[in-house]
Amino acid sequence: MTNAALTPTIPPRAALPETRLSVAQLRQLDVPGPRYTSYPTADRFVEAFGAADYAQALRQRAEGAMVGGAAPLSLYVHIPFCESVCYYCACNKIITRHKSRGVGYLELLGQEIDLHVAELGPGHQVQQLHLGGGSPTFLSDEELAQLMTRLRQAFQLRPAAEVSIEVDPRTANPQRLRNLMAMGFNRISFGVQDFDEQVQLAVHRVQPLSQVRELMDEARALKFDSINADLIYGLPKQTPESFRRTIAQVAELRPSRIALYGYAHLPQRFKPQRRIQGSELPSGEARVAMLGDAIAGFIAQGYVYIGMDHFALPDDALAVAKRQGRLHRNFQGYTTLADGDLIGLGVSSIGRVGATYSQNAKTMEEYRDALACGNLPVVRGLALTRDDLVRRTVIMSLMCQGRVDFESVELAHLLDARSYFERELQQLKPLEELGLVTVDDKDIVVTALGWYFVRGVAMVFDKHLQADKTRERFSRII
Ligand code: SF4
């Protein structure tokens with residue numbers, strides 16, 4: 001491909017969804033809020049839920065499996081290491097250049113896998129496996145292959161399983177991609193963030209377009225089932241104009257999926273972000289423009305807007321699931337897999353088994369100490385109440401389908417939805433007046449404009465959040 005062929009075409013602003021809202025209204029709506037990869041959200045987990053509760057949830061799953069009633073199973077493995085820090089980072093990671101740390105970590109993961117097999121029994125079928133981080137490609141190909149072998153000994157990866165890995169383009173080359181495919185990975189996700197050099201310098205993550213293009217071309221030639229690109233808007237030095245160039249460049253690279261995240265500047269919580277100059281961050285209005293441009297730009301380039309932060313080409317499984325109303329949401333974002341159990345392995349990983357959530361120790365020391373004592377390294381979690389389960393249904397329906405059908409909530413939970421949510425339906429009225437939702441006797445529907453603020457609509461049904469007015473730990477909605 002020539003450089004000329006990659007000259008960005010600026011997406012037409014005419015396709016920008018009508019916002020009609022005044023700046024004052026936008027400010028009022030742009031409040032901090034969760035991304036709802038779970039409900040209740042992870043900040044609600046409590047230490048009263050520990051390893052013994054998690055082990056019990058695993059045993060209940062095993063009993064269900066014996067009578068053929070186990071939920072679909074996914075695995076998430078967290079690899080925490082990165083060679084260099086990105087200033088916007090809010091992940092649980094360990095910055096190190098000592099590659100030898102991977103060896104010891106694989107041993108710990110092996111112990112954790114053994115503890116799971118002890119509770120579950122071997123050979124549970126897995127529909128989805130995801131390696132995230134940190135940077136999974138911090139590990140060498142030999143180490144990754146070793147991990148995959150270890151996982152395959154403990155679990156049975158179904159032939160059609162989605163096996164995905166996050167790849168930092170700075171740690172990969174075409175040969176690495178070929179090796180990943182040989183190990184069984186069929187989905188790949190590249191951290192792109194922004195192609196503008198000034199932005200890349202400002203966030204300490206320099207990776208030229210040519211490098212990402214070479215990798216994406218190779219991934220396509222290898223026929224990975226899905227190629228994802230992660231982008232971030234709201235970074236320092238970004239402007240709506242510079243971001244439109246990135247949008248066009250990404251669209252021309254043609255990843256099958258695009259995840260677009262809003263940068264949450266929370267320097268009091270995330271130390272690397274203290275290196276970002278607040279004065280270099282784009283304004284709230286510029287963020288709205290960037291999100292609007294991204295939605296308009298990717299749609300104009302043939303992508304389907306999946307919701308909140310995801311786009312996909314029309315033939316991608318995510319777009320097909322959206323059309324068929326089969327979209328779901330888990331800790332990695334939108335997914336095609338029906339609600340099921342998720343086992344999180346590795347330091348800080350979050351899992352969901354039965355009606356529980358659990359989280360592993362966040363520091364390597366705590367994680368290692370628990371395993372050294374022969375304990376599952378779960379340090380906090382939550383057993384969901386009936387009310388949590390009802391609200392999870394509603395919040396996930398809003399986030400995934402943009403619609404809540406009262407009758408299906410009533411059938412699933414045996415209650416009268418309109419009286420159960422009487423207060424919430426009152427609270428939706430101002431959002432209805434702004435044109436973000438419509439409500440009638442049958443359902444709640446998020447409008448095209450409402451998708452910008454779908455988190456804000458979901459927040460109305462978040463009982464924990466409604467009782468807690470200190471929300472600054474969350475990112476802003478737009
Ligand atoms: S953003 Fe990703 S690659 Fe960068 S430091 Fe954080 S975890 Fe590592």
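We count ligands from 1, going down the list as the structure has it; atoms in each ligand are counted the same way. Please read these numbers as outputs of a predicted model, since none were measured by experiment.
- Taking the six-membered ring for Trp and the full ring otherwise, the centers of F138 and F81 sit less than 6.0 Å from each other.
- Atom numbering of ligand 1 starts at 1 in the shown order; those under 4.0 Å from a heavy atom of R205 are 3 (S), 4 (Fe).
- For the ring-ring contact (aromatic ring centres under 6.0 Å, His included) test, no residue two or more places apart in sequence or in another chain qualifies with F243.
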| field | Worked verdict on E47 versus R380 for salt bridge (charged side-chain N to carboxylate O under 4.0 Å, His left out) | value | CA-CA 4 Å; E47 287 174 7; R380 51 203 281 272; 5.7 Å; no

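- Using a 4.0 Å cut-off to heavy atoms of Y88, the atoms of ligand 1 that qualify are 1 (S).
- Around atom 8 (Fe) of ligand 1, the protein atoms of type N, O or S that sit closer than 2.8 Å are C82 SG.
- The stretch residues 363-373 participates, sequence neighbours left out, in no salt bridge (Lys or Arg N to Asp or Glu O under 4.0 Å) pair at all.
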| request: Just do the salt bridge (charged side-chain N to carboxylate O under 4.0 Å, His left out) check on R220 and D217 with the steps written out, would you? | output: CA-CA 5 Å; R220 212 180 339 270; D217 286 349; 3.4 Å; yes

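- T246 pairs by the side-chain hydrogen bond (donor to acceptor under 3.5 Å, both in side chains) definition with D194, not counting sequence neighbours.
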| CA sep, side-chain torsions, deciding dist, call: R44, D388, salt bridge (charged side-chain N to carboxylate O under 4.0 Å, His left out) | CA-CA 11 Å; R44 300 291 158 186; D388 290 334; over 6 Å; no

